[in-house]
Amino acid sequence: MEYTPDESNEARWYVVHTYSGYENKVKEDLEKTIERRGLHDKILEVKFPTEDVTEIKDGKRRHIQRKIFPGYVMVKMLMDDQLWYIVRNTRGVTGFVGQPSKNIPFGGASQDGSYAHRRPIPLTDAEVTAMGVERMHLKIDIEVGESVRVVSGPLENFIGTVKAIDPERQKIKLVVEMFGRETSVELDFVEVQRL
């Protein structure tokens with residue numbers, strides 16, 4: 001049985017583990033492979049999230065870009081056996097993040113020649129947004145004045161009342177009761193759920 005992309009035929013983000021310090025090289029090599037083989041319609045984007053940081057070294061202030069997840073590269077692609085093999089065998093790549101099947105030994109194709117048993121797990125839209133890989137425009141079916149439940153983070157399972165919604169930043173302001181007092185908190189859309 002050969003692995004085919006999911007029914008929606010949409011490209012998804014996958015996480016690739018690399019040797020530390022090889023993120024740029026892996027990205028460049030994958031982009032060259034995409035160009036050489038004409039895979040632009042199957043591997044859409046290769047990136048690793050960075051953040052701008054101000055560093056003081058030897059008394060001098062420098063602005064640098066630091067990798068948020070060193071040792072990882074994100075690839076937006078339509079997963080199939082051929083693309084899995086191409087990405088997996090790029091120099092510096094140690095593998096995709098995901099679990100192989102327990103039924104088939106780790107190390108190569110299954111009896112039918114497919115790599116489907118080693119299919120990596122794509123990131124969810126919420127994970128993509130939270131990791132800063134891509135800003136997904138999430139729609140929220142919540143209005144100001146409604147009660148919501150916090151579904152992750154230190155305030156998990158707290159109930160709060162929505163005071164403001166910022167669709168541009170994808171943030172929501174809530175008032176929750178903590179220690180007998182009302183406290184205002186700001187959370188991401190993905191951290192709350194309608195009651």
Side-chain angles (χ1 to χ4, degrees), residues 5-18 23-24 26-27 30-31 34 39-55 61-80 83 87 96-98 119-195:
D6 63 13
E7 296 76 37
S8 67
N9 224 11
E10 264 185 50
R12 303 289 305 269
W13 282 102
Y14 294 88
V15 180
V16 177
H17 190 263
T18 69
E23 301 88 358
N24 285 329
V26 167
K27 182 180 186 296
L30 276 172
E31 288 171 344
I34 293 165
L39 298 172
H40 299 322
D41 57 336
K42 295 183 179 183
I43 301 177
L44 306 179
E45 200 171 346
V46 181
K47 67 189 320 186
F48 47 88
T50 59
E51 62 185 350
D52 293 323
V53 178
T54 302
E55 184 179 88
R61 187 176 295 232
R62 299 185 319 159
H63 296 286
I64 60 168
Q65 278 200 328
R66 183 174 65 194
K67 295 174 187 93
I68 298 174
F69 303 107
Y72 295 95
V73 172
M74 285 46 163
V75 182
K76 188 172 188 175
M77 61 191 283
L78 291 165
M79 182 61 70
D80 66 16
L83 297 177
V87 173
F96 280 92
V97 173
R119 178 176 53 231
I121 301 166
L123 295 173
T124 64
D125 291 346
E127 290 169 330
V128 169
T129 300
M131 292 173 71
V133 178
E134 182 177 75
R135 197 68 176 161
M136 308 295 277
H137 291 287
L138 302 175
K139 292 181 182 177
I140 190 163
D141 189 24
I142 297 173
E143 295 179 13
V144 174
E146 280 190 70
S147 293
V148 295
R149 176 184 311 279
V150 180
V151 293
S152 65
L155 300 177
E156 187 172 354
N157 293 323
F158 273 72
I159 305 294
T161 304
V162 178
K163 291 299 177 194
I165 299 172
D166 185 348
E168 183 66 31
R169 292 179 44 234
Q170 298 187 9
K171 299 280 187 182
I172 188 165
K173 286 189 181 179
L174 304 177
V175 172
V176 296
E177 189 174 316
M178 291 179 14
F179 309 115
R181 302 177 86 185
E182 287 190 347
T183 305
S184 181
V185 295
E186 185 177 73
L187 301 170
D188 291 325
F189 282 1
V190 296
E191 295 180 284
V192 297
Q193 177 182 358
R194 188 180 208 180
L195 287 179

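Please read all numbers here as calculations on a predicted model, not as lab measurements.
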List the atom of Phe69, the atom of Pro49, and the distance in Å for their closest heavy-atom pair. CD1-CG, 4.0 Å
Going by heavy atoms in the side chains, are Ile34 and Val46 under 4.5 Å from each other? yes
Quick one: closest heavy-atom pair of Ala11 and Leu44, and the distance? CB-CD1, 3.4 Å
Could Glu31 and Lys27 be called an ion pair, given the rule that one side-chain N must be under 4.0 Å from one carboxylate O? yes
Over all heavy atoms of both residues, which pair between Leu83 and Lys42 is shortest? Give the atoms and the distance, please. CD1-CB, 3.5 Å
Could you tell me the separation between the CE atom of Met77 and the CZ atom of Arg12, rounded to the nearest 0.5 Å? 12.5 Å
From CH2 (Trp13) to CE (Met74), nearest 0.5 Å: 8.5 Å
Donor-acceptor contact present, side-chain Asp188 to main-chain Glu191, <3.5 Å: no
According to side chain to side chain donor-acceptor pair (under 3.5 Å), does anything in residues 143-155 pair up with another residue at least two apart or in another chain? List the pairs. Glu146-Arg194
Between Thr124 and Val190, does a side chain to side chain contact (heavy atoms under 4.5 Å, CB included) hold up when you go through it step by step? CA-CA 11 Å; Thr124 64; Val190 296; over 6 Å; no
Nearest heavy atoms of Leu78 and Asp41, plus distance in Å: CD1-O, 3.7 Å
Supply the atom-to-atom distance Leu30 CG to Lys47 NZ, rounded to the nearest 0.5 angstrom. 15.0 Å
Please report, to 0.1 Å, the donor-acceptor pairs under 3.5 Å made by any side chain of residues 172-184, with sequence neighbours excluded.
none

Atom CZ in Phe96, atom CD1 in Ile121: separation rounded to 0.5 Å? 12.5 Å
Indicate, with yes or no, if the rings of Tyr72 and His17 have centres closer together than 6.0 Å. yes
Working to the nearest 0.5 Å, report the span between NZ of Lys76 and CD of Glu10. 8.0 Å
State the CD-CD1 distance between Gln193 and Ile159, to the nearest 0.5 angstrom. 9.5 Å
